[in-house]
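Below: the structure, in structure tokens.
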Amino acid sequence: MSELTPSQTVGPFYAYGLTPKGRAKWDPNGHYAWKETIGDNLITADVIGDRIRIEGGIYDGDGKPIPDAMLEIWQADGQGRYSNEPGSRNLSNAAFKGHGRSACDKDGVFSFDTVKPGPVAGPNGTMQAPHVVVCIFGRGMLRQVYTRLYFDGEAANGNDPILALVPADRRDTLIAKKNGSTYRFDIHMQGDKETVFFDV
């Protein structure tokens, strides 16, 4: 005898395995006792650089918060070094991995405690402005999407070769606004305020 199949065939199943603690942000009964391998606090004991907090919301095309999205970030350390660079394990600040993961809460809010990255080399040896790569996972999305977070008031933004590829009237969607040591970065998946996403 046949049975009805679930109408939703795409997750978010990642919450169960990738954000066992963060799931409780949107589901009060949703905490798993599994060890969280990657969390939203990137600060390590040997970290070098300005400690900052990145927080923001993620919204759908109607401006409604997405409560069960998940974000991952990658970034250089405060000296502009990635953890996978040759010889990086022998340098100071070697414990900083530059990779974090945050579940969103019921209001679609995410956050990371980290350090402001330094400038890094880009295409053809040009320098890129300090930035963070952001990857968004969400329900109904067969593939994650990527964007970048740049920092408000950073003079190097004007010469960044990647940011220059973005139409001037859309660059603001990639700039996190500063408030003390916190940077606010809201992500709009669709609509008039849609964040610029990159084809990678």
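All residue numbers in this chain count up from 1 along the given sequence. Owing to the predicted nature of the structure, the values given are computational and were not obtained by experimental measurement.
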With rounding to the nearest 0.5 Å, note down the distance linking [atom1] in [X] to [atom2] in [Y].
X      : Y      : atom1 : atom2 : value
Arg101 : Met70  : CZ    : CE    : 5.0 Å
Gln128 : Asn159 : CD    : CG    : 12.0 Å
Arg184 : Glu55  : CZ    : CD    : 6.0 Å
Met189 : Asp62  : CE    : CG    : 13.5 Å
Ile162 : Leu174 : CD1   : CG    : 11.5 Å
Gln75  : Leu149 : CD    : CG    : 9.5 Å

For Asp192, does the CG atom sit with more than 12 other heavy atoms under 6.0 Å from it, leaving out its own atoms? no
Might you confirm whether atom NZ of Lys178 has over 12 heavy atoms from other residues, nucleotides or ligands at distances under 6.0 Å? no
Does any non-hydrogen side-chain atom of [Y] lie less than 4.5 Å from one of [X]?
X      : Y      : result
Thr147 : Phe198 : yes
Ser181 : Asp50  : no
Thr114 : Val132 : no
Val47  : Asn93  : yes

Determine, using the 4.5 Å side-chain heavy-atom cutoff (strictly less than), whether [X] and [Y] are members of one ILVMFWY cluster.
X      : Y      : value
Tyr59  : Val145 : no
Phe112 : Tyr150 : no
Val109 : Val134 : no
Val166 : Val200 : yes

Quick check against the 3.5 Å criterion: does [X] have a side-chain atom that pairs as donor or acceptor with the backbone of [Y]?
X      : Y      : answer
Arg53  : Thr182 : no
Glu194 : Thr173 : no
Asn41  : Ile43  : yes
Asp160 : Ala129 : yes
Ser102 : Asp40  : no
Arg81  : Gly118 : no

Please test Leu18 against Phe137 for side-chain contact (heavy atoms from CB on, under 4.5 Å), starting from the C-alpha separation and ending with a verdict. CA-CA 11 Å; Leu18 300 179; Phe137 299 75; 5.8 Å; no
Is the shortest side-chain N to carboxylate O distance from Lys64 to Asp60 below 4.0 Å? no
Any idea which heavy atoms bring [X] and [Y] closest together, and the distance?
X      : Y      : result
Ile52  : Val115 : CG1-C, 3.8 Å
Leu163 : Asn157 : CD2-O, 3.7 Å
Met127 : Pro161 : O-CD, 3.6 Å
Ile58  : Ile136 : CD1-CG2, 3.3 Å
Cys135 : Gln144 : SG-CG, 3.2 Å
Lys177 : Asp152 : CA-CB, 3.9 Å

What class does the angle between the rings of Phe151 and Tyr183 fall in, given that below 30° is parallel, 30 to 60° is tilted and above 60° is perpendicular? perpendicular
Working note: Trp74 + Tyr146, criterion side-chain contact (heavy atoms from CB on, under 4.5 Å); need CA distance, chi angles, decisive distance, verdict. CA-CA 11 Å; Trp74 294 269; Tyr146 295 85; 4.2 Å; yes
Could you go through Leu71 and Cys104, starting from their C-alpha distance and side-chain angles, then the distance that decides it, and tell me whether this counts as side-chain contact (heavy atoms from CB on, under 4.5 Å)? CA-CA 8 Å; Leu71 282 77; Cys104 293; 3.8 Å; yes
Check against salt bridge (Lys or Arg N to Asp or Glu O under 4.0 Å), Asp172 and Lys193: CA-CA 10 Å; Asp172 195 47; Lys193 299 179 181 178; over 6 Å; no
Worked check of side-chain contact (heavy atoms from CB on, under 4.5 Å) between Leu42 and Asp113: CA-CA 6 Å; Leu42 285 67; Asp113 292 300; over 6 Å; no
